[in-house]
Amino acid sequence: MAALSVMLRETAAGRPDAPALRAAGTTITWAELAGAVEAMAGGLHALGVGPGDRVALVLPNCPQFVISYFATVRLGAMVVPVNPLLAPAEVVYIAGDSGARAVIAVEPTAPLAQAAAAQCPDLQHLIVSGESVPAGAIDFASLMAAPPGDLPEPGADAGIAALMYTSGTTGRAKGAMLSHANLVANAQSCADGVRMTPDDIFLSVLPLFHSFGATVCMITPVLVGATSV
């Protein structure tokens, strides 16, 4: 079973000029998305993020989520998607419990990421995308502009890709470990079940920080080369 980043690379190679993402009036092609993922992976790698590390995403549905997700797994690290509607204490708990080394946010969610960075000793890097980046944070765009260096190639036997935290309705939230093989197999089942094709367009209303949204609205379109709006 191929790693998620290999799946993205293969789709980009086969459909470089086709639309991958459409958001806020902007269209990103598969070649552009793959390039952005490599650039972000290079930036994270320069910060010391590598296999087994955890990167928390306090992000709504936006291109930065997709780029950050695939850049993290490109390095063999694990994504920790965080619901940006959680209370600060809940975000701090997830960041601390997962042992996240970096957290990525946009301007509206930056205060949540800052709370986690201030209270979690393992969290070394706060990355924010936006026109106004808080003091002490790393600018998302500037991180992507750094020279990528030599990135390790993802292995065919890639392990855990994401830690998806449960809702915690009867206790503290728990991080469910989802492997590359798990997520790719789920996406393949979705694609087969409703006969998805590269001509399909996904309206991504479901939150990407949730397993349903991530599988159906992000990973499955990457698998089949469809467009996600």
Side-chain angles (χ1 to χ4, degrees), residues 1-47 49-50 55 57 59-77 79 81 102 104 106 127 129-130 138-156 158 161-162 180-181 183-184 186-188 190-191 195-206 208-209 213-229:
M1 187 69 70
L4 289 166
S5 56
V6 174
M7 184 176 71
L8 171 61
R9 182 184 299 175
E10 291 174 348
T11 296
R15 295 175 56 77
D17 299 323
L21 301 175
R22 288 181 179 148
T26 299
T27 298
I28 300 173
T29 67
W30 285 108
E32 290 169 339
L33 177 59
V37 167
E38 286 295 304
M40 188 62 186
L44 291 173
H45 182 65
L47 294 179
V49 175
V55 177
L57 309 184
L59 295 167
N61 286 14
C62 58
Q64 293 93 324
F65 188 105
V66 182
I67 292 166
S68 299
Y69 189 107
F70 279 89
T72 298
V73 299
R74 166 72 174 83
L75 297 172
V79 179
I104 302 176
V106 288
I127 303 160
S129 176
I138 300 169
D139 178 63
F140 187 95
S142 297
L143 188 63
M144 289 180 63
D150 295 324
L151 299 181
E153 283 298 315
H180 286 257
L183 293 167
V184 173
N186 283 352
Q188 187 66 63
C190 291
R195 301 176 184 177
M196 296 174 184
T197 74
D199 295 325
D200 287 327
I201 298 174
F202 290 72
L203 182 60
S204 301
V205 177
L206 292 170
L208 297 181
F209 62 76
T215 299
V216 176
C217 299
M218 181 176 67
I219 298 173
T220 299
V222 171
L223 174 67
V224 301
T227 303
S228 185
V229 178

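Note that this is a predicted model, so its numbers are computed, not measured. Count residues from 1 along the sequence.
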Distance (rounded to the nearest 0.5 Å) between [X] [atom1] and [Y] [atom2]:
X      : Y      : atom1 : atom2 : value
Ser68  : Leu143 : OG    : CG    : 9.0 Å
Gln188 : Leu223 : CD    : CG    : 5.0 Å
Met218 : Leu206 : CE    : CG    : 12.0 Å
Arg195 : Asp200 : CZ    : CG    : 12.5 Å
Leu44  : Ile138 : CG    : CD1   : 9.0 Å
Ile127 : Met40  : CD1   : CE    : 4.5 Å

Report yes if the side chains of [X] and [Y] come closer than 4.5 Å at any heavy-atom pair, otherwise no.
X      : Y      : answer
Ile201 : Val229 : yes
Met7   : Ile219 : yes
Val106 : Pro60  : yes

Sidechain-backbone polar pair: [X] side chain, [Y] backbone, donor-acceptor under 3.5 Å:
X      : Y      : result
Asn186 : Thr215 : no
Arg15  : Gly225 : yes
Asp17  : Thr29  : no
Ser5   : Phe70  : no
Thr227 : Pro19  : yes
Ser228 : Cys217 : yes

Testing the basics here: between [X] and [Y], what is the closest heavy-atom pair and its distance to 0.1 Å?
X      : Y      : answer
Thr197 : Ala226 : O-CB, 3.7 Å
Tyr69  : Val79  : O-CG2, 3.5 Å
Phe209 : Leu59  : CD2-O, 4.4 Å
Leu57  : Phe65  : CD1-O, 4.1 Å
Leu75  : His45  : CD1-N, 3.8 Å
Cys190 : Val216 : SG-CG2, 4.0 Å

Output, in order, the C-alpha distance, side-chain angles, deciding distance and verdict of side chain to side chain contact (heavy atoms under 4.5 Å, CB included) for Arg9 and Glu38. CA-CA 10 Å; Arg9 182 184 299 175; Glu38 286 295 304; 4.1 Å; yes
